[in-house]
There are 2 protein chains.
Amino acid sequence: MRSRVWRVTTTLDLTPARDTDDCCPGASCELLDADESEALAQVFKALGDPTRVRLLRYLARSHDGTACACHLPAALGISQPTLSFHLGKLHDAGLVTREKRGRWVHWTVLPEALAGARALLGIDAWCTPDGCPPGCCPAGCC
Amino acid sequence: MRSRVWRVTTTLDLTPARDTDDCCPGASCELLDADESEALAQVFKALGDPTRVRLLRYLARSHDGTACACHLPAALGISQPTLSFHLGKLHDAGLVTREKRGRWVHWTVLPEALAGARALLGIDAWCTPDGCPPGCCPAGCC
DNA sequence: ATCTCATATTGACAATCGTCCATGTATGGC
DNA sequence: GCCATACATGGACGATTGTCAATATGAGAT
């Protein structure tokens, strides 16, 4: 998770699933590229823990998106190494930056790192039971 | 992850971290409630795997947000039990519904289950190094 | 130089995850 | 009825995760 290979996609391979089966004659929906889905999953994995959700939201509400972590172990009810572990995870995922100021470390959100996640969750482009955007995949199957 | 206890928050407890320390005199940023952050983390955890990212996006691009899974093991290069495992995870997180039609199961996205995640990631309300929305927390610390 | 304090790292451990094979279950077709 | 098929479940197993205690690192303060 450092490489960013956006925009690459592959189509669902529908070469004869079973020779005599006419299931899904029209379906040809795109499947997200493996690299891109891996990168997105890394971001979501970083958010997949309640402590880290709280940390990110805390930073996202702190002035300039920056705060020190000094009071957080007590506030969150976790040990200092555990806090360090979680901030490290956010950092590894590219969601925050570290900056040492004197004796303390200040953490800052990097909102642009969430662009991919936000795009995936962007409901405007979704097909839903209530309707589909133009150009969506045909209902082809079974 | 079935209980939805939104909107509850708690404030950072700044009762004397250390008696004689005047660190963070003005800081009083909100920390997301434990229940709500747990619920959000469950959703993100469900998305924290490349296969599940691909599955959700596949459904989100299929007509009416619905598709059968019949061709997916081959297309994704995974076994049928593994696919079942991942779809089960998405289902447990409330992101998709199962509907048995004849011999096949059809899966449908539930976009409203992502409302919380979308709200957290909604950059408009974020403090960033480039600026803060009105009413953000004071820079108080260290 | 030494001490203090904020943070990172290491090591240990239980718990969960992702994967598959083998088997169970239910549905439709004959 | 019986068989084939789509999917779920149970068991196994290695890999990863989240946690803490103990320790290391590194920067101000004295």
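As the structure is a prediction and not an experimental result, all values here were calculated from the model. Letters A, B, ... mirror the listed sequences (proteins, then strands); counts begin at 1.
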Rounded to whole angstroms, how far apart are [atom1] on [X] and [atom2] on [N]?
X	N	atom1	atom2	value
A/L72	C/dT7	CG	C1'	13 Å
B/R98	C/dT27	CZ	P	11 Å
B/Q42	D/dG18	CD	P	12 Å
B/H91	D/dT9	NE2	P	11 Å
A/L83	C/dT7	CG	P	8 Å
B/H106	D/dA6	NE2	P	12 Å
B/L87	D/dT9	CG	P	12 Å
A/L47	D/dT17	CG	P	14 Å

Taking every non-hydrogen atom, the tightest pair across [X] and [Y]:
X	Y	result
A/V96	A/W107	CG2-CE3, 3.7 Å
A/C136	A/C127	CB-SG, 3.3 Å
A/L55	A/H86	CD1-CB, 3.9 Å
B/K89	B/A46	O-CB, 4.3 Å
A/G94	A/L110	O-CD1, 3.6 Å
B/L120	A/R57	CD1-CG, 3.4 Å

Lys NZ or Arg CZ of B/R61 over A/W126 ring: under 6.0 Å, within 45°: no
Between protein and nucleotides 14-19 of chain C, what N or O pairs are separated by less than 3.5 Å?
residue : atom : partner : partner atom : Å
C/dC17  : OP2  : B/K89   : NZ           : 3.3
C/dG18  : OP1  : B/D49   : OD2          : 3.4
C/dG18  : OP1  : B/R52   : NH2          : 3.2
C/dG18  : OP2  : B/R52   : NH1          : 3.2
C/dT19  : OP2  : B/H86   : NE2          : 2.3

Any N/O donor-acceptor pair, A/Q80 side-chain to C/dA8 base, under 3.5 Å: yes
Scan nucleotides 24-30 of chain D against the protein and return all N/O pairs shorter than 3.5 Å with their distances rounded to 0.1 Å.
none

B/S62 side-chain N/O to B/Y58 backbone N/O, donor-acceptor pair under 3.5 Å: yes
Results of side-chain hydrogen bond (donor to acceptor under 3.5 Å, both in side chains) for B/T97 - residues two or more places apart only: none
